[in-house]
Amino acid sequence: MSVLVFADSSEGKFKKSAFEVVSYGKKVAEQIGSNLVAVTINATDASQLYAYGAEKVITISNDQIATFNAKAYASVIQQVAVKENATVVVIDSSVDGLYLSPILAVNLQAGYASNVVALPSSTSPFTVKRKAFSNKAFNNTTIATEVKVIGLAKNSFGIHENQVAGVLESFDAQILDMGVQSVSIDKATGKVTIADADIVVSAGRGMKGPENWGMIEELAEVLGAATACSKPVSDLGWRPHGEHVGQTGKPVASNLYIAIGISGAIQHLAGINASKVKVVINTDPEAPFFKAADYGIVGDAFEVLPTLIEKLKAFKQS
Ligand SMILES: Cc1cc2nc3c(=O)[nH]c(=O)nc-3n(C[C@H](O)[C@H](O)[C@H](O)COP(=O)(O)OP(=O)(O)OC[C@H]3O[C@@H](n4cnc5c(N)ncnc54)[C@H](O)[C@@H]3O)c2cc1C
């Protein structure tokens, strides 16, 4: 009997969520008195997972699954779950995770709870707390099947070091005939993606026009952040659609979210609630975003940003 976590990676490097699912899986394994096994697909330095409690790391290296394919990933994780006699399987609730987990659950005849935000409050019945209604409510769910698949919400548990002496084992998985395969991926090179970013600098219609985004990009560069925007900004073509965050855009679960010239409409907030610290810069002290903010600056972005960038640069140099 074991707890199995899928530690996701991109171009060989672990995503931040990989360390969080391992940290979480370790605690679940302690709760149910079993060991923790992590499975990786095409990751280069799998032994990094020992630091977060993975006692055994199963590595799968196969060029046929060099790019994400939900059916194929679900199939290989299922093979490892069966081999390791896993009773709990933890996957992150990223976009890819939300694709593959239901398929995996069907393959394993398991119950599946997505967007889980805490350790099981009880293991018998197995009960987990989940986010619901765009993070406006919580839902306690029991999973009655023998095998359980848990989708862990990003940033809900955190990364906790828990060094163990782990072992690596390679696994020769059977790869499904996928039918569909990505042949190439065009990425915005050199940029931190919104999904993986620790810090997101986001701007709205208050920036007046696309010609003013230079300072948003400069602030993002100083902070090593991803850039994002509100829906009207991408609708107007000021920024690419891939940057639009909110209920109808991308969800953001960064450690720091800086919102500049964004009013804080409910549809925008729905996508960024999972971010830890929210900083708002807005000229209007009545802007709804201030109610959701941890820190707020009532001020004109065109005055605040140059000073902020200058101070941050000086701070980094010192
Ligand atoms: C079904 C539906 C789905 C939607 N989904 C989304 C979504 O996913 N994401 C999303 O973002 N929106 C979404 N919207 C739109 C949403 O309701 C708001 O209209 C939108 O978020 C407002 O964008 P904004 O804050 O950039 O613009 P505005 O509402 O125009 O706000 C601009 C803000 O900038 C401030 N400002 C002005 N000048 C300055 C300055 N010089 N310095 C600093 N601050 C300044 C203003 O005080 C104001 O608060 C959706 C709407 C609907 C109906």
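Counting starts at 1 for both ligands and their atoms, following the listed order. Keep in mind that what you see is a predicted model, and the values were worked out from it rather than measured.
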Ser61: partners by side-chain contact (heavy atoms from CB on, under 4.5 Å), with sequence neighbours left out
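Ser61: side-chain contact (heavy atoms from CB on, under 4.5 Å) contacts with Asn42.
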Does ligand 1 come near enough to [X] that some N or O of the ligand is less than 3.5 Å from an N or O of the residue?
X      : answer
Val245 : yes
Pro232 : no
Gly261 : yes

Residue [X] vicinity, atoms of ligand 1 by number, heavy atom under 4.0 Å:
X      : answer
Gly249 : 8 (O)
Gly204 : 26 (O)
Gly206 : 32 (C), 34 (O), 36 (N), 37 (C), 38 (N), 39 (C), 40 (C), 41 (N), 45 (C)
Gly299 : 42 (N), 43 (C)
Phe302 : 41 (N)
Ala265 : 16 (C), 17 (O), 18 (C), 21 (O)

Location of contacts on [X] toward ligand 1, heavy atoms closer than 4.0 Å:
X      : answer
Phe289 : neither
Met207 : neither
Ala301 : both

Got the closest protein heavy atom to [atom], with its distance?
atom                    : result
atom 12 (N) of ligand 1 : Lys231 CB, 3.4 Å
atom 26 (O) of ligand 1 : Ser230 OG, 2.6 Å
atom 5 (N) of ligand 1  : Thr248 OG1, 2.8 Å
atom 25 (O) of ligand 1 : Ser263 N, 2.7 Å
atom 38 (N) of ligand 1 : Lys208 NZ, 2.8 Å
atom 41 (N) of ligand 1 : Asp300 OD1, 2.9 Å

Could you name the option among Thr283, Asp284, Asn282, Asn212 that has the heavy atom nearest to atom 48 (C) of ligand 1?
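Among Thr283, Asp284, Asn282, Asn212, the closest heavy atom to atom 48 (C) of ligand 1 belongs to Asn282.
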Heavy-atom proximity to atom 15 (C) of ligand 1, best of Glu303, Gln267, Gln247, His268:
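Answer by nearest heavy atom: Gln267.
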Among [options], which one satisfies side-chain contact (heavy atoms from CB on, under 4.5 Å) with [X]?
X      : options                        : result
Glu169 : Val80, Val57, Ile58            : Ile58
Ser202 : Ile262, Ile272, Val233, Val252 : Ile262
Leu49  : Val5, Val21, Thr40             : Thr40

My understanding is that only residues two or more places apart in sequence, or in another chain, count here; which of them pass salt bridge (Lys or Arg N to Asp or Glu O under 4.0 Å) with Glu11?
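Partners of Glu11 under the salt bridge (Lys or Arg N to Asp or Glu O under 4.0 Å) test: Lys187.
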Is the closest heavy atom of Cys229 to ligand 1 under 4.0 Å?
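No, that is not the case, since the closest heavy atom of the residue is not under 4.0 Å from the ligand.
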SB check Glu55 Lys26 (cutoff 4.0 Å)
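Salt bridge present between Glu55 and Lys26.
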Please determine if Glu218 and Lys313 form a salt bridge, counting it only when a charged side-chain N lies under 4.0 Å from a carboxylate O.
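A salt bridge links Glu218 with Lys313.
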Does a sphere of radius 6.0 Å around [atom1] in [X] hold more than 12 heavy atoms from other residues, nucleotides or ligands, not counting ones at 6.0 Å or beyond?
X      : atom1 : answer
Lys83  : NZ    : yes
Lys71  : NZ    : no
Glu211 : CD    : yes

Determine, for Phe138 and Lys129, whether the Lys NZ or Arg CZ falls below 6.0 Å from the six-membered ring centre while staying within 45 degrees of the axis.
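The answer is yes; both the distance and angle limits are met.
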Could you label the plane-to-plane angle of the Phe68 and Tyr73 rings as parallel, tilted or perpendicular, counting under 30° as parallel and over 60° as perpendicular?
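If you compare the ring of Phe68 with that of Tyr73, the planes turn out perpendicular.
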Looking at Ala118, is its backbone amide N or carbonyl O close enough to the side chain of Tyr24 to form a donor-acceptor pair, meaning the two atoms are under 3.5 Å apart?
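Pair found, side chain donor or acceptor close to backbone of Ala118.
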Is any heavy atom of the protein nearer than 4.0 Å to atom 1 (C) of ligand 1?
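Neighbour list for atom 1 (C) of ligand 1 is empty of protein heavy atoms (cut-off 4.0 Å).
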